[in-house]
Peer 1: 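Below is one structure. I have some questions about it.
Proteins get letters first, then strands, A, B, ... in listed order; numbering begins at 1 in each. Only a predicted model underlies this, so the values are computations on that prediction, with no experimental measurement involved.
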Amino acid sequence: MATVYIDNKPYEMDPEQNLLHGCVSQGLNLPYFCWHPALGSVGACRQCAVKQFKDEHDTHGKIVMSCMTPAAEGTRISIADPEVTAFRAGITEGLMLNHPHDCPVCDEGGECHLQDMTVMTGHDYRRYEFDKRTFRNQDLGPLVNHEANRCIQCYRCVRYYRDYAGGRDLNAFASRNTVFFGRNEDGVLENEFSGNLVEICPTGVFTDKTLKHHYSRKWDQQFAPSVCVHCALGCNIDAGERYGTLRRVVNRYNHEVNGYFLCDRGRFGYEFVNSERRLRQPLLNGKPTSSAEARRHLDERAAGGRVIGIGSPRASLESNFALRTLVGPEHFYSGMADDQAKLSTRMIEILRRGPMRTPTLREIEECDAVFILGEDLTSVAPRMALSLRQSVRQPMEIARRANIPLWMDHGVRDALQDSKGPLYVATPYATRLDEVATATFRGAPDDLARLGFAVAHALDPEAPTAQDFPLAAEIANALKTAKRPLLISGMSCGSEAVMEAAANVAMAAHAALSLTAPECNTVGAALIGGSPLTAAFEAVKNGRADTAIILENDLYRRAPAAEVDAFLGAAKHVIVLDHLANATTQKAELELPAGTFAESDGTFISSEGRAQRFFQVFAPQNEVLSSWRWLKPDTWQNLDDVLAALSKALPDLAPASYAAPSAAFRIAGAKIPRSPHRESGRTAVLVNINISEQKTPEDPDSALSFSMEGTPDKPPAALIPFFWSPGWNSIQAVNTYQKEPGGPVRGGDAGVRMFEPAAPNGHSSDRQAWFSAIPPAFEPREGEWLLLPMYDFIGSEELSQAARGLAELAAKPYVAVNCSDLAEGAEVEVSCASGTFRLPIRLRPDLPRGVACLSAGIAPLSGVTMPAWGKIERAK
Amino acid sequence: MTSSTEKPLTGNVRPDGSVLDLPAYEQTGGYRAIRKVLNGGMPPKTVIAEVKDANLRGRGGAGFPTGMKWSFVPVGKDTPNPTYLVINGDEMEPGTFKDRFLLERNPHQLIEGAILAGFAIEADIAYIFLRGEYTLAAKRLERAIAEAYERHYLGKDILGSGYSLELHLHLSGGRYICGDETGLLNALEGKRANPRAKPPFPVVVGLFGKPTVVNNVETISNVPHIINNGAEWFHGLSRTKDGGTKLYGVSGKVKRPGLWELPMGTTVRELLEEHAGGMRDGLKFRGLLPGGSSTPFIVEEHLDTHMDFTEMPKAGSRLGTGTMIVLDDHTCPVGMAWNMTKFFARESCGFCTPCWSGLGWAERILRSIEDGHGKPDDLDKLASQTRMWSPGNTFCALAPGAADPLETAMKYFRADFERHIDEHRCPWR
Amino acid sequence: MLTAEEIQEIEREAAHYPKREAVSIDALKIVQKHRGWVSDESLRDIAEHIGMSRTDLDSIATFYNLIYRRPVGRHVISVCDSVSCWIMGCEQMRKHLQQRLGIGLGETTPDNRFTLLPTVCLGCCDHAPALMVDGNLHADLDPRKIDTELENYK
């Protein structure tokens with residue numbers, strides 16, 4: 001640590017960092033705009049100026065930018081010096097020259113970094129008397145709003161969008177005081193992480209367009225810490241509501257998982273909670289009924305004796321466990337299709353037995369050689385793709401040799417130029433990450449697996465192989481010479497062999513291993529167990545059961561329609577709990593409205609193996625309840641009771657109880673308020689129903705309260721509903737919750753890792769047995785195609801399909817082929833075991849011969865079992 | 001070399017304005033220096049030492065010692081390659097017109113200088129970054145480069161020495177900030193010409209991330225003569241500590257605006273009165289900017305200052321490019337300050353706040369004063385703006401360069417500013 | 001569509017750089033030389049040829065004074081308005097031109113013959129006031145002289 005003197009007081013700072021980072025770490029109020037902990041320093045805005053002195057005798061000093069100055073031992077600066085204080089106020093004055101001063105009508109108002117910094121510098125009087133430059137705003141799509149006049153030319157947006165996220169359709173135009181940040185023409189922002197612009201932009205230029213449809217100020221919203229449900233990575237979020245409507249989702253900083261950024265599916269998928277398709281009250285034979293009546297009916301059916309329960313990989317641990325308890329473990333089915341069940345079981349097995357360790361998303365940013373086997377990460381695990389875009393910037397040695405501190409962003413980029421760390425992408429089709437890859441390999445899953453086995457063999461001759469590949473030696477060499485190599489694979493190809501091959505490579509390379517999963521609680525559901533779907537179908541078909549309770553699971557997405565029709569037709573009683581009306585709920589005798597993440601509490605286990613708790617944002621005014629509350633026995637009163645029972649019945653899952661403090665947790669005897677102090681009209685919210693102030697809803701399930709009353713202190717990471725500190729009203733307030741910007745949350749980040757390897761990596765004696773089931777090479781078939789899923793970032797995932805804004809951008813169903821005698825968009829008929837479908841062609845010359853892809857998860861293809869052989873013929 | 005010994009840069013040019021082609025240049029003694037140096041004549045370190053001893057200082061405006069800059073380039077087997085030499089021909093400083101002369105009349109002098117400089121820093125590739133408006137220079141340089149390649153003075157294995165240098169001509173897209181060393185590098189890389197932060201310095205991380213030296217046209221043009229005649233000779237040309245001659249220019253309402261190669265350290269008075277003939281009849285001298293727009297005004301009392309890098313600061317100014325802009329008593333100083341501020345505001349790249357925001361504001365205030373709408377506190381606002389533009393407060397030297405003329409205009413011609421404000425008009429209109 | 005000639009010229013320049021994107025400004029100027037200005041279609045074609053996004057290329061194009069992203073007439077008159085020309089009377093020059101041509105700065109004559117633009121210091125301050133028409137420098141100007149010289153530009 002270095003000693004830095006600030007206004008003659010000594011402070012300990014990290015000498016590898018710059019002075020601004022150090023000052024913010026110390027809680028000193030130094031204003032800034034263009035610097036960001038994840039983006040480094042460029043020295044553009046000049047807001048962070050301090051005065052630097054040569055030594056104690058130097059009384060003159062000179063103004064320097066703290067973000068561009070290393071926190072070297074013995075540095076002497078002043079923040080309070082009058083000249084530099086006036087300079088900082090002058091900078092704010094300069095930034096505000098052309099600003100519309102439209103805070104009252106600006107969405108950013110109340111959580112605006114520009115407001116905060118203006119107050120901090122003390123600039124409060126407008127001397128500029130001339131015209132302001134104005135811009136025409138652009139329509140950037142349904143997710144991000146553009147209001148360019150508010151721009152302060154800090155360049156954060158383009159640095160994030162282009163340099164960090166790899167986007168190509170946002171840039172700075174023109175120059176001097178008329179720089180315009182936007183696209184060359186109106187159009188939807190193409191990058192999958194464009195939504196982070198709303199938090200990166202320190203003013204109201206880029207704001208959440210979905211929020212505009214139901215706008216509410218930050219101080220008027222009620223918040224809760226939650227977890228994203230739109231993939232298996234488990235990014236942490238804070239959800240905000242008002243008047244019982246979910247308004248928006250913001251990033252909840254988790255140093256190990258999502259850091260400062262979300263993907264657009266995670267940020268804007270929340271709109272499904274407000275969808276017209278929501279089940280908001282129980283329906284008995286299609287007619288609304290009271291909760292009491294619904295419960296009575298449920299209890300009756302459950303006691304009927306021949307009941308099965310079908311759980312879900314997108315339902316919480318608690319809900320799945322409650323159903324399992326209700327019907328009994330022998331009658332509980334995981335709700336996963338057979339292949340998914342097999343794959344997830346294999347995944348758990350691999351993660352459990354080790355010795356490979358699963359890295360966190362943050363650790364992935366530091367991996368210096370990566371081999372992706374079979375995964376289209378940008379669509380399936382988007383936030384991981386963003387981490388990989390940082391990991392390929394590994395040749396930091398080049399910067400170190402030139403003595404460039406790693407936070408000096410442009411200097412590092414100029415030094416590194418285009419050099420990238422090795423990234424190899426082996427998938428059936430071209431992915432977005434190909435553009436930063438060293439080399440790519442296209443093949444059917446069996447060939448991908450064979451490549452993997454070959455790479456493992458190249459690393460360790462004892463590992464089995466069946467075929468050599470020219471690329472295998474290169475990949476093996478890259479992994480071997482790396483200090484932190486990484487293998488990424490998963491369930492997307494539908495192939496156990498692919499995952500096993502990846503496991504072999506990871507073992508041979510002493511590398512870390514990340515496996516993706518499709519849904520937010522695939523791993524949790526796999527750990528709870530239960531037989532797969534066809535077993536459930538069999539049970540009813542064979543008459544062993546006649547009643548099915550289906551938890552948060554649209555079976556038409558799991559199996560071919562004909563099979564599901566048969567099952568639901570054969571069952572005498574079908575009870576469904578879910579959020580949205582869907583094909584399965586339509587067939588139900590009793591539909592129970594299940595709380596979404598916004599209206600319930602529970603735990604998911606991510607593909608990293610991290611158990612994380614999500615908390616209810618609001619107590620719904622209607623009959624919606626957490627699924628586990630519909631299903632639980634009376635002996636369980638609250639969430640802690642459920643978790644206690646779960647831990648007892650399934651001890652392997654016990655650590656999940658520690659994902660967050662229990663409901664008994666208090667800070668100095670007080671609960672943690674969901675609402676900020678200034679929430680307006682909080683006592684009058686329901687005055688149209690009852691003029692008397694309603695009793696604040698109780699929350700027996702968490703240490704949070706549905707109120708603004710509670711502790712003013714900062715809660716532990718798992719319980720942070722919003723980031724706010726005196727003088728820091730914007731999302732930059734995250735600084736005040738971290739030990740240092742860009743570092744862990746004070747007190748530790750949220751979540752509990754369930755898998756840590758049994759033996760440490762690096763010792764061959766600790767290696768587990770090689771997987772050796774190598775599939776034969778893929779043989780294309782005459783007149784047929786191997787059908788594989790092609791994942792779309794927006795469209796394939798179930799719940800976000802019902803999000804209004806995202807739905808505008810969602811892909812329509814298609815079949816992708818590499819075929820020269822059919823035109824793009826031509827209609828064809830695809831027939832396979834799951835059915836016959838009329839679809840338009842998408843020409844994809846990147847696909848290997850004999851392989852075609854169907855858009856995954858998009859009706860009518862949602863339930864198609866793949867891989868499968870099929871025919872493609874011109875439509876009649 | 002005969003008559004050119006006192007005027008090495010310009011002594012050999014043709015009075016009719018035509019260009020010296022390669023044979024003509026060789027007749028004046030051209031391409032002797034490369035023969036002297038290559039093939040073991042003078043190893044790179046010796047070339048650097050000679051240029052250092054000569055005390056050649058950068059002629060682009062900053063005056064950094066050239067030999068010293070070259071000595072910072074990492075050389076040897078384990079250093080990143082290629083090494084680049086970039087010649088800054090982006091002459092756009094208002095009032096400056098000296099590099100144009102050298103480029104149009106004697107491009108081979110520059111090319112020979114480039115080969116020598118390239119050899120000294122072990123550069124593999126050199127670029128001449130030429131402003132796009134210098135179309136005649138572009139044509140002549142293209143021709144000259146082709147001639148040099150034909151004679152194997154450029155390209156692989158020059159004169160069988162084993163040293164290779166590729167030289168490319170690049171025409172800029174047109175922005176003043178391209179004349180800034182690191183702005184130029186970004187422009188040459190095909191990007192927006194925002195300057196870069198230093199450190200890292202171009203000698204370490206420069207063009208395309210590789211070690212790079214950027215030198216001005218006039219600077220490089222001196223190198224063949226230093227090599228041919230030695231450091232001491234170069235000292236002998238000058239009147240003061242800084243070595244060599246200087247291309248000095250005068251523009252404005254003088255009798256003979258023009259460009260002259262004179263000993264470094266020639267006084268302002270000599271340049272203004274002897275060579276430029278003094279003010280036109282009926283006009284009185286009020287002040288001048290000694291080295292282009294980005295230098296502070298000097299007035300009557302400073303006329304005996306020697307125009308070099310060391311002496312000029314004593315008059316509160318700088319040598320800059322050495323081309324003077326003269327203000328007469330029939331020209332409005334406020335209008336002149338406004339014109340220059342407008343130039344800087346327009347040419348701001350838009351990266352750092354005090355420049356893109358402050359220059360625009362200052363321009364509006366000056367316009368308002370010039371139009372007769374000035375307010376009493378406008379001068380305070382302008383003064384506080386110029387303080388915002390001090391070196392170090394901004395990202396590069398553009399805004400500090402804008403501060404110099406404006407600050408000193410308000411200092412020396414304050415009464416004129418006040419008159420505009422008090423009388424609600426420009427008295428010169 | 002870029003013409004074969006444009007492509008050839010661009011590739012000749014591209015060979016001078018180790019990175020393809022470095023030729024962006026050269027490419028814009030080359031296409032502008034052939035077509036007078038850089039339209040959205042031209043921008044699209046150049047971007048595709050180099051392998052850059054349109055947004056990235058336009059970000060560069062709009063930074064530089066000499067790249068025209070709006071149509072210009074057959075001849076572009078660039079009047080220097082920097083300090084030396086200003087002292088020597090560029091204002092009168094500009095006013096004269098505006099009156100003669102009937103257009104303001106940034107505008108094109110109805111017959112598409114001339115576009116009138118301001119430009120920064122042209123580097124011939126001892127022969128001020130000066131202007132350029134297309135690639136040609138005209139200096140030591142007065143209203144009569146410029147009228148005569150403009151006759152050469154049809």
Peer 1: Do you know which of B/P405, B/G258, B/G249, B/G132 has the most heavy-atom pairs with chain C at a distance under 4.5 angstrom?
Peer 2: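 Top option by heavy-atom pairs under 4.5 Å: B/G258.
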Peer 1: Which bit of B/M340 comes within less than 4.5 Å of chain C, counting heavy atoms only: side chain, backbone, both or neither?
Peer 2: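 Side chain only.
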Peer 1: Which ring-ring contact (aromatic ring centres under 6.0 Å, His included) pairs, counting each pair once, include a residue from residues 16-50 of chain C, with sequence neighbours left out?
Peer 2: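 For residues 16-50 of chain C: B/Y127-C/Y17, B/H168-C/H16.
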Peer 1: Between C/V120 and chain B, which part of the residue has a heavy atom less than 4.5 Å away: side chain, backbone, both or neither?
Peer 2: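 It is both, since atoms from each part get that close.
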Peer 1: Mind ranking B/F101, B/Y176, B/Y134, B/F97 by heavy-atom pairs under 4.5 Å with chain C and telling me who comes out on top?
Peer 2: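 Among the listed options, the one with the most contacts to chain C is B/F97.
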Peer 1: What residue, out of B/R256, B/K98, B/R346, has the most heavy-atom pairs lying under 4.5 Å from chain C?
Peer 2: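 Answer, by heavy-atom pair count under 4.5 Å with chain C: B/R346.
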Peer 1: What are the two closest heavy atoms between B/I325 and C/V83, and how far apart are they?
Peer 2: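 The answer is CD1-CG1, 3.6 Å.
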Peer 1: Below 4.5 Å from any heavy atom of chain C, which atoms of B/C178 appear? Answer side chain, backbone, both or neither.
Peer 2: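 For B/C178, the contact with chain C is made by the side chain alone.
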Peer 1: Using a 6.0 Å cut-off, check whether atom CD of C/E48 has over 12 heavy atoms from anything other than its own residue.
Peer 2: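 No, CD of C/E48 has 12 or fewer neighbouring heavy atoms, counting only those of other groups under 6.0 Å.
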Peer 1: Working to the nearest 0.5 Å, report the span between CD of B/E133 and CG of C/N65.
Peer 2: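 The CG atom of C/N65 is 7.5 Å from CD of B/E133, to the nearest 0.5 Å.
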Peer 1: Could you look at B/D99 and say if it's the side chain, the backbone, both or neither that has a heavy atom under 4.5 Å from chain C?
Peer 2: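 Contact with chain C involves no heavy atom of B/D99 at all.
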Peer 1: Can you give me the closest heavy-atom contact between B/V250 and C/D126, atom names plus distance?
Peer 2: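 Closest heavy-atom pair between B/V250 and C/D126: O-CB, 4.0 Å.
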Peer 1: Looking at C/Y64 and B/K191, what are the two nearest heavy atoms and their distance?
Peer 2: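 Scanning both residues completely, I find the closest heavy atoms to be OH-O, 2.6 Å.
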Peer 1: Got a donor-acceptor contact below 3.5 angstrom from the B/T331 side chain to the C/I87 backbone?
Peer 2: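 No, B/T331 side chain to C/I87 backbone: no donor-acceptor pair under 3.5 Å.
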Peer 1: Measure across B/R175 and C/F63 and return the closest heavy-atom pair with its distance rounded to 0.1 Å.
Peer 2: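 Minimum heavy-atom separation between B/R175 and C/F63: NH1-O, 2.6 Å.
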Peer 1: Can you tell me if CD on C/E149 sees more than 12 non-hydrogen neighbours from other groups inside 6.0 Å?
Peer 2: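 Count over threshold, so yes.
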Peer 1: At their closest point, which heavy atom of B/F208 faces which heavy atom of C/P18, and how far apart are they?
Peer 2: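 So the minimum-distance heavy-atom pair works out to CE1-CD, 3.3 Å.
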Peer 1: Give me the atom names and distance for the closest heavy-atom approach of C/L122 to B/R100.
Peer 2: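 Reported closest heavy-atom pair: O-NH2, 2.7 Å.
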Peer 1: Taking atom NZ as the centre, does B/K284 end up with more than 12 heavy-atom neighbours from other residues, nucleotides or ligands that are less than 6.0 angstrom away?
Peer 2: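 Not buried by this count: 12 neighbours or fewer within 6.0 Å.
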Peer 1: Only heavy atoms, only distances under 4.5 angstrom. Which residues in residues 135-144 of chain C are near chain B?
Peer 2: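 The residues closer than 4.5 Å to chain B, in numerical order, are C/G135, C/L137.
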Peer 1: Heavy atoms only, distances under 4.5 angstrom: which of B/G95, B/A138, B/A193 has the most pairs with chain C? Name it, please.
Peer 2: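 If we count pairs closer than 4.5 Å to chain C, B/A193 comes out on top.
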Peer 1: Taking side chain as everything from C-beta outward and backbone as N, CA, C, O, which of these in B/E166 sits under 4.5 Å from a heavy atom of chain C? Side chain, backbone, both or neither.
Peer 2: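 No part of B/E166 comes within 4.5 Å of chain C.
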Peer 1: Answer with side chain, backbone, both or neither: which region of C/D81 has an atom nearer than 4.5 Å to a non-hydrogen atom of chain B?
Peer 2: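 Both parts, backbone and side chain.
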Peer 1: Tell me, side chain or backbone of B/Y84 under 4.5 Å from chain C's heavy atoms, or both, or neither?
Peer 2: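 Side chain only.
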Peer 1: Looking at B/T96, B/L289, B/I125, which one has more heavy-atom pairs under 4.5 Å with chain C than the rest?
Peer 2: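 Between B/T96, B/L289, B/I125, the count favours B/T96.
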